[in-house]
Engineer: 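Got a structure for you, questions after.
The sequence lines fix the lettering, A, B, ..., with proteins before strands; numbering per chain opens at 1. Quick caveat: nothing in here was measured; it's all calculated off a predicted structure.
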Amino acid sequence: MPLTRIAIEGAVNQQTPLLQVRDLRVSFQLDEGVVRAVDGTSFDVMPGQVLGIVGESGCGKSVTMKAILQLVDRPGRIDTGEIKFLRSDGETVDLVKLPPRGAMIRQIRGGEIALIPQEPMASFSPVHTVGDQIIEAILLHSHRWEQGGRKISKREARKITIGLFRDVGISMPEQRVDAYSWQLSGGLRQRAMIAMALSCKPRLLIADEPTTAIDVTTQAQVLALLRDLQVKYNTAIIFITHDLGVIAQMASYVVVMYLGRVMEQGPVDAIFHAPKHPYTRALLRSIPSMYGQTRVALPVISGTLPHPFNRPPGCPFHPRCADVMPACSVGVPRLMPVGDDQLASCFLHHNEAEPV
Amino acid sequence: MTRYIAQRLLILPLLMVIYSFVIFLIIQAPPGDFLTAYVATLASSGSSISADQIAALRHQYGLDQPFLVQYFLWMQNLLHGDFGLSLEYQRPNADLISEQLGLTLALALFSFVLTWAIAVPAGIYSATHPRSLIDHVLTVINYVGVATPNFMLALILMWLAFAYFDINVSGLFSPEFVDAPWSFARVGDLLFHIWLPGLVLGIAGTARLSRIMRANLLDELNKPYVVTARAKGMREWRLVLRYPVRLAFNPLVSTIGWYLPALFSGSLIVATVMNLPNIGPLLLRALINQDMYLAGGILLIYSFLTIVGTLLSDVLLALLDPRIRVES
Amino acid sequence: MVRDVKRRVALIGLAAGAGVLATGSSVLAQAGRYKEAASVTELVRAGKLPAIEARLPENPLVVPVVERVGEYGGIWRRAFLGPADSNNYIRVVYDSLFRFSPDGAKIEPKIAAGAESSADYKVWTINLRKGSRWSDGAPFTADDILFWYTDVLLNKELTPTLPGWIRNADGSAAKVEKASETAVRFTYLAPATLFLTAVANQDGADRTFAMFLPAHYLKKFHPAHAAKADIDKVAAAAGFKTWTELFANRNAPPENPERPTMAAWAPISRASDPIFTLRRNPYYVGVDTAGNQLPYIDEVRFTFFADVQALNLAAIAGNFDMQERHINMTNYPVLKDQEKTGKYRIITWPTFGGADAVIAINQTYAADPVMGKVMATKDFRVALSFAINRDQIKESVFLGLGEARQGVPAPWHPYFPGAEWAQKYTEFKRDEANKLLDGIGLTKKDAQGFRLLSNGKPATIEISVVPAFGAWPDVALLVGKDWEAVGIKTIVQIRERALHFKMGENNELMAEVWNEDTSAFPYTGNAKVDPRNAPILTMGPLWRRWYATSGKDGVEPPPEMKRIVEIVDKARTVGPEEQIKLSQELYRNWADNVYEIGTIGLTPMVQGVVVAAAKFRNVPTTLGNDWPLRSPGNARTEQFFFSK
Amino acid sequence: MSGTSSAAEDRVAIASNWRLVWWRFRRHRLAMISAGLLIFMYMIVLAPDFFSVQDPERTDARQAFIPVQMIHFFDDGSLSPWVPTITGKRHPVTLRMEWVADPARKVGVRFFARGYSYRVLGVFETNVHLIAPADPTQRIFLLGSDRLGRDQWSRIMHGTQTSMTVGLVAVALSVILGVVLGGLSGYVGGKTDQVIQRIIELLQSVPTIPIWLALSAALPRDWTPIQVFFAITVILSLVGWTTLGREVRGRFLALREEDFVLAARLAGCSRMRIILRHMVPTFASHIIATSSLAIPVMIINETSLSFLGLGIRPPAISWGVLLQEAQNIQTLALAPWLLTPGLVVIVAVLAFNLVGDGLRDAADPYSN
């Protein structure tokens, strides 16, 4: 496992990160008011690293992912922050500054950063064949398959697709290419989705809860496949899930989010064995047996997730926190190093608050 | 699918028989017959006909026969492909209908194309730019379009065209072209005249269609596959056209079949008000004058078109939507 | 002989026939000096037509002009409402042997040269013009009338019942014989003083047969002259079931452009086409006073309109050269307003009949015997007449035009019974009406103020209106209000035409609104005064049955009504002076009994608002306007012309 | 046992659902305004006479074609509404009635003033009107007068009563027919479904106008205008239920397979009970939204048919009747104010559509 460090103020990068997210804030302007879905999130992704983002539904995981791809829909808006991405030509661009419909972001989407969505069923158009949709993606980024500057043809793209299908373990790939998504089983569908994501040899893969919609056995197979492919292509993966068990299997580094803020982040071992933040601890406690079974849903932590409009003042977690202190409702704790490679935003460990 | 179509086609003749009976019943239901109506027409235009002449004509036209006999005679002729003779025009109904058919279809097609050419882009724009100024403007236009009775619109537009531009926009041709043989000049004249009736006929349809398009597309735009496509790096407009528009389109396309019969009945009032050479006024006249075989013939064609239209809609939808095509 | 005919016609007509035929003789003297339209001359030069002398009869009809001798050329644009509106065509061409003069007071020869009768009016001889021809060039002779008589009138399949004018009292047909190539003799069993009036109305209407038919053309379709099998084949090919249908179709000019006519213009397309076109008949028998063959105008075009409003809009837009049919009088202000643009002028022709909206009260209403009896009471009807505020109707419905009057002929008509009778009971006297109603026992009233019948129910009358002319429903509404003010509950029912007529036939109507358009012709056609006539009459359907069954069924009319019937029968057999006396008696009787309650008359409401293009000349500013006169046909349409 | 408890639970679920719908609907500003407008129009339906200035049937030949009279609210700076006196005479050449306003002679206008007496809902008699001339012998024409000198404003008020009622009643009948027949079709399936589907197809394939012609001609002629009016309403709904029927059927087909329906069936609920108690409530809000969108269609149908002279006929007053009377060149050219009923139709249909859309959005849980 390569050594990774999260870059924070004062820390020195040992290696240029593939993706640097800094103080990202995304809000939704609704009629009823403003929802701050991502509220100052920072983390890094190193080349070839599997980063897990974990948290309850509505904590801003998916919005963060959409922000990276510049896919935040109205009425959502990226307010501040940087998302620096190291392109394959060695240049670093701030994705936030790119026009969301411009040529550069479109080259990056699919070409350098690919997405494996949550619901493979709904994520394929039901009236186009699976193959069509993948071939389209290949043709969009054909330069990545080009040999000697020659554009690839549709026929070649189809061949590539069949090869990809074989790679992701779809049997009878020649026939399956012409199938519609709803003719495939859940597992096959997700495999096809993975094939599409990989079709343009991306350097970063964002997997947004890729296994929630499929059954347990298939889930394990898909995870195994993703691991194998990651090793094979050395692609970095941001793995978004609410399932700590999955994180334990997949990720080398973990970011724990709550209400749009990072609570804690660190190497997977540190997070699981020495959680610093009470929220992480609560999450871990809710798993009956960590290795006993793979299917671990996140049970209820005491209290309920507050309504997005009624954000508590101070630390967002304090109304549900077991270790709550008076300071918690006043200031918002910053994300600070709390050990080797481990960072937490909690007044239990430091007194640094976010500047108002 | 083939089996389904075959099944539907097989029961078509049976349905047509039932329809023909119901139609005959309906057109025969009003009191009196063609001659009562004829006498009334004569009387209200200041002329008259004697009772003896009426009796003679009634016998000649077979109107003194019992209902069922008249029906069976009609059916017998229909089975031989004979639509019978119009009592009012004294000409074969088939000729009368086919004469009007061309221009009816031309007008219908024109307003259909106009409707779709305006409604679909407008709907797409509104859905992709929700709550923008243009979206609001289009929405208001749509609502007013749906709410305005089109006969009133026709009447007012005709008057305005006359009062302020001194042009008479009734009819589909200038007087010199009405019975001229087809020529480029005549087509040009038709194109000059067709837009106003086409617009009037199409306006409510356009409004309705673009609202449906907007709603459907808004639904589709929220579907995950749109995000997938965007994440592939597609151009936005291409993506919208290729995926969500295609899906939002399906339910609309499936209404095309329904449009077929609507072409005839929908234009009835407007065509009468605007004096268009059209099946609609022909039917209305035939009904009012109780020219029953003409009315019956048109209604029968209308019912036939409805059945075929429904079938066509189903087939179209199946062709467009693989989920239906493959599963049934 | 010519002079003889003239005297006879003048006698039958109601005034002296202005020297029409005298002028004719003078033209005749300069034979060879006829002129024709340039387009016709071209055809003659091309050898497609014979020279004008060969086309015209020896003694052509000389038509006097209204303003001046006209110029050739032009297309007369008109509008019509489709095949059912073929009367529009009939009125324009007025294709008959004799026709009414413009003022409607005389009958003059048209296609025929003249007629003479025996002293007892039992034998009539019609003389044709020697050398006159059908529009296809075939000669027009006495045989064409005899073909009608033997093969059409006496053919039971074509004519199951004989029309009244040719029928003797015993039901047999009058005898018709060929006197010569150009003369036909009609012999009746009883005097037939109204023979020429009837003949003036024998013009090839759409579904009936004129008394002169193109025998050379129609024989092809008649089994007496052609093989039945061949005719059946043609009939089947054209979609007809029987030969009679085929024959009727082939005979109707608006439906068959092949059928030759004698009119100034003959159809070249069908009335079921979007434009129904008539073209100049180069064989037309008429010339103007300068010897120009008529008509002046090349073509008449009827454009189809499905909707009367669209037609009126087109008229206002100046799209017609001369149109009076279907022009709504309510549009008069708009038309007059647009007149200043100079496109057209407006002429008004008040109706010939006495009243433009009358309310006929059913005298034999049986569905409610108590109310029916009240309705048959004269004082009740007089009260209803007094109750009407005619001034309000005149202002609201008739633009302030016309006058309050009963349904009797106009003052300029010989049958006019006198102003006293025309205005009888038309004053607005609500008190008088109440007094009369009290007088017939309708004294008790209910809570709403309606008078109660002897059976305790409120006296209720229903007026059935057909929205044929826009204004009638308004008349009914206003009348209804006035009647309710004197305690008679009035329901106004606006009915679809056919339903109204069906109910009329079945004696289900209580009262209806119609116009009185037949008062100038009480003895021919379907005069409303004669209860035996059908079918536009609500006045007494059961009286009709009583007469039809010779008293076995129906209701016996009161003596006043019997006297009217007696007059009608008698007038048909007496000379003009006595006829006038009888007619005046008839109308005094008619007005006094108010079977029909007149409202307003002498307005141009019925086809009397004429829109004529500024260049369209020779349109008379006054005209007898009525269906029996075939107006505007009696304005001698062939002398209309476009001034350059 | 299980039946009652599940019903009770349903009620709670429905109630909270309604509250949610209302909450979402309230946010729709246009829909709220439209709803207000419709409520106002139905107030007119309840007491058109109160809103009328004068008897809608009162004619006066000397007051025909009076143009719109604007109310002036201030008189010499003080609040005292008035309209100018007008005098008219017939133009000697065009025969047109021409009216001249004389602002020097004023007719006072009062609110809640006394006018002709009428009955409210057939119960109590009053003569109070929203607007009336201060001097009851005077006449004012806020929207002008028609050819018979009748007050257009008052006629529109009475037309509103007819047309709005026709729309509402016809839709109510259609909903009942649609839910019952569509429900049976979708729930029972099989032959019943086939028969009902064919009936729907038959009804949809016969154009409405001949049905109208035939049926309106077949109505017993001794029926009063009120009976005719209801008969026409019934005919409208007989033709109009099919669309809703199809929709309901589709919903039933989907719902039939749901667990809770199976559970209810196992619990021994009768078929009707399952349909009405368990299935209909799940899409009741949808039905309401659809019906509110169907009302304007009915109104336009009524208008069109009356316009053709096939629907409601004078002396009954409806928007269609008023429009039919205005359908002539004379009106367009000289008395355009007689087209105001058309404007009212547009506004009403617009309002119904906006409310319907608002309801549909509010009733659809996925709209946000």
Engineer: At a 4.5 Å cut-off on heavy atoms, which part of Ile346(D) comes close to chain B: side chain, backbone, both, or neither?
Structural biologist: both
Engineer: For Ala207(B), is there any backbone N or O sitting under 3.5 Å from a side-chain donor or acceptor partner on Tyr143(B)?
Structural biologist: no
Engineer: Output the option from Ala326(D), Ala348(D), Gly342(D) having the highest count of non-hydrogen pairs under 4.5 Å with chain B.
Structural biologist: Gly342(D)
Engineer: If you round to the nearest 0.5 Å, how far is OG1 of Thr331(D) from CG of Leu338(D)?
Structural biologist: 5.0 Å
Engineer: Specify whether Phe24(B) and Phe67(B) have parallel, tilted or perpendicular ring planes, treating 30° as the upper limit for parallel and 60° as the lower limit for perpendicular.
Structural biologist: tilted
Engineer: With a 4.5 angstrom heavy-atom cut-off, which part of Leu160(B) approaches chain D: side chain, backbone, both or neither?
Structural biologist: neither
Engineer: Given heavy-atom pairs under 4.5 angstrom as the criterion, report whether the side chain, backbone, both or neither of Ala333(D) touches chain B.
Structural biologist: both
Engineer: With a 4.5 angstrom heavy-atom cut-off, which part of Leu323(D) approaches chain B: side chain, backbone, both or neither?
Structural biologist: side chain
Engineer: I'd like to know if the side chain of Ser126(B) reaches the main chain of Gly123(B), judged simply by a donor and an acceptor atom lying under 3.5 Å from each other, with no hydrogens or angles considered.
Structural biologist: no
Engineer: Using atom types as modelled and distance alone, determine if a side-chain donor or acceptor of Ser318(D) lies under 3.5 Å from a backbone N or O of Gly159(D).
Structural biologist: no
